[in-house]
Number of protein chains: 2
Amino acid sequence: MPRAGLSHNAVVRLACEVVDAGGPRGFTDLTLAKVAAEAGVAPPSLYKHVGSLAALRREVAVIAVRELTAAGTAATVGRAGADALRALAHAWRRYAVEHPGRYAATQIGADPDDPADARLNEAGAESVQVVAAVLQGFGLPEERLIDAIRAARSSVHGFVTLELGGGFRMRHDVDQSFDTLVTMLVAGIEALARNDHESSPPRSPR
Amino acid sequence: MPRAGLSHNAVVRLACEVVDAGGPRGFTDLTLAKVAAEAGVAPPSLYKHVGSLAALRREVAVIAVRELTAAGTAATVGRAGADALRALAHAWRRYAVEHPGRYAATQIGADPDDPADARLNEAGAESVQVVAAVLQGFGLPEERLIDAIRAARSSVHGFVTLELGGGFRMRHDVDQSFDTLVTMLVAGIEALARNDHESSPPRSPR
DNA sequence: CATCCTGGCTAATGCGCGTAGCTTTACAGC
DNA sequence: GCTGTAAAGCTACGCGCATTAGCCAGGATG
């Protein structure tokens with residue numbers, strides 16, 4: 001009986017491959033049976049390396065979120081302001097398009113209070129931190145920063161989700177649509193920074 | 001042996017209730033067993049009224065998409081331009097927040113070529129048509145209209161998806177963030193209508 | 001009254017997760 | 001080199017769910 005020589009990390013790596021191979025549905029369709037088949041091992045054997053399917057999913061999610069964060073930071077080093085935001089948005093989408101399954105993994109909802117989700121929560125916070133850092137450069141008032149972060153995440157995430165889900169049916173260049181979205185986003189955040197500097201204390205909405 | 005008096009529509013209605021009862025995960029967690037329990041019937045009996053779980057899901061999705069469309073049209077009657085877009089966005093989000101499970105159902109990807117998805121495809125097209133109709137009022141150039149539609153859908157869909165998925169952790173008013181997003185969206189589309197006769201937006205680097 | 005369709009049922013299959021408990025491998029220590 | 005032990009595999013099993021097959025009641029229709 002030859003040993004497969006598995007390990008915790010090896011199993012997680014295989015799971016990532018299975019997820020990648022499954023396209024946008026890859027994460028939802030992730031199954032211990034598939035990972036076991038990939039590893040050339042019987043399904044129960046995986047429990048020697050991983051607590052459960054849910055735990056494995058979490059691991060994959062953590063990896064995916066970290067990769068997404070890394071892609072974002074890599075794309076924004078040495079850039080600032082609109083330039084950085086544009087690069088971040090494109091890097092984000094690029095990752096999602098190249099790894100649809102893993103991107104889907106990042107959509108998993110983590111319970112802020114569940115210790116099992118601690119690493120995932122932390123990874124998520126770091127990911128948002130990248131967006132926050134880029135938006136810092138726009139000189140937004142403190143309380144608008146969060147609105148801006150949410151707007152940026154929403155726009156890009158929504159676009160990518162719809163794109164991957166086949167939501168864009170029209171015969172029209174998707175890249176161009178994304179460019180337009182990013183342009184709108186940048187303009188919107190710049191406007192937010194302008195409009196809100198002046199009427200900051202009294203809060204008079206023009 | 002008393003009869004339950006089921007019918008195709010009755011089963012679908014029950015499925016909708018199950019989905020509603022399950023919160024944001026309601027659609028994913030939809031199961032024939034639950035519907036059968038709700039109907040007071042053994043699971044296999046459902047097959048007399050419904051082809052499969054997948055088919056039932058599709059039915060629920062069609063209903064959800066149509067309801068979303070109806071909410072959008074109802075909110076925009078008698079309005080135009082920015083006013084209409086704002087109302088549409090808020091109606092969209094309201095539906096999602098009030099029916100998280102059904103909204104999740106609308107995210108299902110329909111195969112444009114699969115005849116089984118025909119009604120779902122049609123419903124989706126009608127839904128997009130509402131957005132298109134509202135954006136017509138902005139006087140955008142023809143080829144920018146699709147970009148604008150995609151941007152609007154992306155922003156709002158992304159926001160509610162993150163909101164429902166617990167993606168907004170900061171202690172900051174979510175309603176206000178959404179207002180800000182909508183304001184940015186409206187401004188962005190107005191800007192698109194104004195300065196977009198001159199040139200296309202710059203292509204993204206890389 | 002006989003018939004037949006309809007809508008329920010039970011039984012059984014297949015698949016996936018997860019548990020229990022056995023076996024063998026690889027390595028540490030002697 | 002020998003042996004003991006923990007780790008890493010296995011098979012067998014139980015559970016829940018979808019789905020198929022085939023049985024049965026019961027009410028409408030002739």
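Throughout, a chain's letter reflects where its sequence line sits, starting with A, and its residues are numbered from 1. No experiment lies behind these values; they were computed from the predicted model shown.
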Trainee: Which pair of heavy atoms, one from Ala15(A) and one from Leu30(A), lies closest together, and at what distance?
Mentor: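 What the structure gives for the nearest pair is O-CD1, 4.0 Å.
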
Trainee: Keeping Thr73(B) on the side-chain end and Thr69(B) on the backbone end, is there a donor-acceptor pair under 3.5 Å?
Mentor: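 The answer is yes, because a donor-acceptor pair under 3.5 Å joins these two groups.
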
Trainee: Both Lys34(A) and Lys48(A) contact DNA chain C. Which one's nearest nucleotide lies toward the 5' end?
Mentor: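 Result: Lys34(A).
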
Trainee: Between Asp29(B) (CG) and dC17(D) (C1'), how many Å, whole number?
Mentor: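 From Asp29(B) CG to dC17(D) C1': 13 Å.
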
Trainee: Could you give the OH-to-C1' distance, from Tyr47(B) to dA12(C), as a whole number of Å?
Mentor: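 It is 14 Å, rounded to the nearest whole Å.
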
Trainee: Output the single nucleotide from dG9(D), dC17(C), dT19(D) whose closest atom is nearest the side chain of Leu53(A).
Mentor: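 My answer, after comparing the listed nucleotides, is dC17(C).
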
Trainee: Among dC17(C), dC10(D), dC17(D), which nucleotide sits nearest the side chain of Leu32(A)?
Mentor: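 Nearest nucleotide to the side chain: dC17(C).
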
Trainee: Are the charged groups of Arg93(A) and Asp175(A) less than 4.0 angstrom apart, N to O?
Mentor: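 Between Asp175(A) and Arg93(A) there is a salt bridge, with a charged N closer than 4.0 Å to a carboxylate O.
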
Trainee: Indicate yes or no: does Arg119(A) engage Glu59(A) in a salt bridge with an N to O separation below 4.0 Å.
Mentor: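 Yes, charged N to carboxylate O under 4.0 Å.
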
Trainee: Of Ala54(A) and His49(B), whose closest DNA chain C nucleotide lies nearer the 5' terminus?
Mentor: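 First, find each residue's nearest nucleotide; the 5'-ward one identifies His49(B).
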
Trainee: To the side chain of Ser52(B), which of dT19(D), dT19(C), dT11(D) is closest?
Mentor: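 It is dT19(D).
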
Trainee: Could you please name the option among dG9(D), dA18(D), dC17(C) that lies closest to any side-chain atom of Thr31(A)?
Mentor: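 When the side chain of Thr31(A) is considered, dC17(C) is the closest of dG9(D), dA18(D), dC17(C).
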
Trainee: Looking for any heavy atom pair under 4.0 Å, which part of the strands does Ser45(A) touch: base, sugar-phosphate only, or nothing?
Mentor: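 Since a base atom lies under 4.0 Å of Ser45(A), the category is base.
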
Trainee: Would you indicate which nucleotide in dC10(D), dT10(C), dG8(C) comes nearest to any side-chain atom of Val41(B)?
Mentor: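 Minimum distance to the Val41(B) side chain belongs to dG8(C).
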
Trainee: Quick one: do Arg86(A) and Asp83(A) make a salt bridge, cutoff under 4.0 Å?
Mentor: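 No, this pair does not count.
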
Trainee: Within the 4.0 Å heavy-atom criterion, would you say Pro44(B) contacts the bases, only the backbone, or no part of the nucleic acid?
Mentor: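 Base: the residue Pro44(B), judged by heavy atoms under 4.0 Å, touches a nucleobase.
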
Trainee: In whole Å, what is the span from the CG atom of Leu46(A) to the P atom of dT11(D)?
Mentor: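 Rounding to the nearest Å, CG of Leu46(A) and P of dT11(D) are 13 Å apart.
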
Trainee: Please report, rounded to the nearest Å, how far the C1' atom of dT19(D) is from the CG atom of Leu56(B).
Mentor: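 Answer to the nearest Å: 14 Å.
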
Trainee: Return the value, rounded to whole Å, for the distance between atom CG of Leu30(A) and atom P of dG16(C).
Mentor: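 In whole Å, dG16(C) P lies 12 Å from Leu30(A) CG.
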
